[in-house]
*Asks:* 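Sharing a structure below in structure tokens format, with a few things to ask.
Hydrogens, waters and symmetry mates play no part in the numbers below; they use all other heavy atoms, side chains included. Count residues from 1 along the sequence.
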Amino acid sequence: MTFDERRRDYDAATGEFLALANSVDDTLVDRHVEGGWSARQVMHHMADSEMQSAVRLRRLVAEAPGSSIQGYDEAAWAQNPALGYQTSDWRPALQLIAAVRSSSSAVLSRLTDADLAREGIHTESGRYTLDQWLDIYTRHPREHAAQMREAMGL
């Protein structure tokens, strides 16, 4: 797949996730399978993850090779009451996801094939390239859309 096709796939993954998330029924938003997240929790996680992804992308693009790419403890974030994963309105999270993904897509549109080799050092997994970033954040919304469908029994 060419870089241009991969950028379009990133955008398609965004659209797929947001279409599902925007159609969530209020009566199902907190339903979950044993040990899993509800749709509400997934949407809040996606918003926080997208903020992280945007910073990672920009660090990979703008900073010197080998710059630190910070990991985070997503489970701790999901369990922290102040972050509201279990109780907060999910609609602002969807707006954030849409805005951040649009901004990141614009950055991607200005990159070249050679930029895919740009790399940093992820604090949890080591060497981390822009190519890996694109793969991860194209899969991520699709994986969580599947998780939401399962949680809601769709």
*Asks:* So, for Tyr72 and Asp48, which heavy atoms are closest and what is the spacing to 0.1 Å?
*Replies:* OH-C, 4.3 Å
*Asks:* Please answer: with hydrophobic residues joined when any side-chain heavy atoms are less than 4.5 Å apart, are Val42 and Trp90 in the same cluster?
*Replies:* yes
*Asks:* Taking the six-membered ring for Trp, are His144 and Trp37 parallel (under 30°), tilted (30 to 60°) or perpendicular (over 60°)?
*Replies:* parallel
*Asks:* Please name the pair of heavy atoms, one in Arg118 and one in Leu60, separated by the smallest distance, quoted to 0.1 Å.
*Replies:* NE-O, 2.7 Å
*Asks:* Would you say the side chains of Asp25 and Thr27 form a donor-acceptor pair under 3.5 Å?
*Replies:* yes
*Asks:* Arg58 side chain to Ala54 main-chain N or O, any donor-acceptor pair under 3.5 Å?
*Replies:* yes
*Asks:* Do Met148 and Phe17 have side chains that get closer than 4.5 Å, going by heavy atoms?
*Replies:* yes
*Asks:* So, Asp11 versus Thr14: side-chain donor-acceptor pair below 3.5 Å or not?
*Replies:* no
*Asks:* Check the side chains of Ser49 and Gln52 for a donor-acceptor pair under 3.5 angstrom, ignoring hydrogens and angles.
*Replies:* no
*Asks:* State, to 0.1 Å, how close Gly71 and Arg56 come at their nearest heavy-atom pair, and which atoms those are.
*Replies:* CA-NH2, 3.5 Å
*Asks:* Rounded at 0.5 Å granularity, tell me how far CG in Asp131 sits from CD1 in Ile136.
*Replies:* 9.5 Å
*Asks:* Under 4.5 Å between any side-chain heavy atoms of Arg40 and Ser88, yes or no?
*Replies:* no
*Asks:* Where the side chain of Gln41 meets the backbone of Ser38, is there a donor-acceptor pair that is under 3.5 Å apart?
*Replies:* yes
*Asks:* Evaluate side-chain contact (heavy atoms from CB on, under 4.5 Å) for Leu108 paired with Leu57, printing each intermediate quantity in order.
*Replies:* CA-CA 9 Å; Leu108 291 173; Leu57 173 62; 4.2 Å; yes
*Asks:* Taking the side chain from Glu150 and the backbone from Gln147, do they hold a donor-acceptor pair closer than 3.5 Å?
*Replies:* no
*Asks:* Can you name the nearest heavy-atom pair linking Ala39 to Met152, along with the distance?
*Replies:* CB-SD, 4.0 Å
*Asks:* Determine the interplanar angle of the Trp133 and Tyr137 rings, folded into 0 to 90°, and report it as parallel if under 30°, tilted if 30 to 60°, perpendicular if over 60°.
*Replies:* tilted
*Asks:* Would Leu116 and Arg6 count as a side-chain contact (heavy atoms from CB on, under 4.5 Å) here? Give the steps.
*Replies:* CA-CA 11 Å; Leu116 289 174; Arg6 291 177 70 197; 3.8 Å; yes
*Asks:* Set out, in order, the CA-CA distance, both residues' side-chain angles and the distance that settles side-chain contact (heavy atoms from CB on, under 4.5 Å) for Thr129 and Gln132, then state yes or no.
*Replies:* CA-CA 5 Å; Thr129 65; Gln132 290 171 301; 3.3 Å; yes
*Asks:* Between CD1 of Ile97 and OG of Ser102, what distance do you get to the nearest 0.5 Å?
*Replies:* 13.5 Å
*Asks:* Which residue, Arg142, Arg101, Arg149, forms the salt bridge (Lys or Arg N to Asp or Glu O under 4.0 Å) with Glu16?
*Replies:* Arg142
*Asks:* So, do Val29 and Met43 sit near enough that their side-chain heavy atoms are less than 4.5 Å apart?
*Replies:* yes
*Asks:* What is the minimum heavy-atom distance between Glu74 and His45, and which atoms define it?
*Replies:* OE1-CE1, 3.4 Å
*Asks:* Can the positive tip of Arg7 be found less than 6.0 Å from the middle of the six-membered ring of Phe3, inside 45° of the ring normal?
*Replies:* yes
*Asks:* Kindly give the heavy-atom pair with the smallest separation between Asn80 and Ala82, and that separation in Å.
*Replies:* OD1-N, 2.9 Å
*Asks:* Has Thr138 got a side-chain atom pairing as donor or acceptor with Asp135's backbone, closer than 3.5 angstrom?
*Replies:* no
*Asks:* May I ask you to test the Met51-Leu96 pair for a side-chain heavy-atom distance under 4.5 Å?
*Replies:* yes
*Asks:* Distance check, rounded to the nearest 0.5 Å: Glu63 atom CD versus Ile69 atom CD1?
*Replies:* 7.0 Å
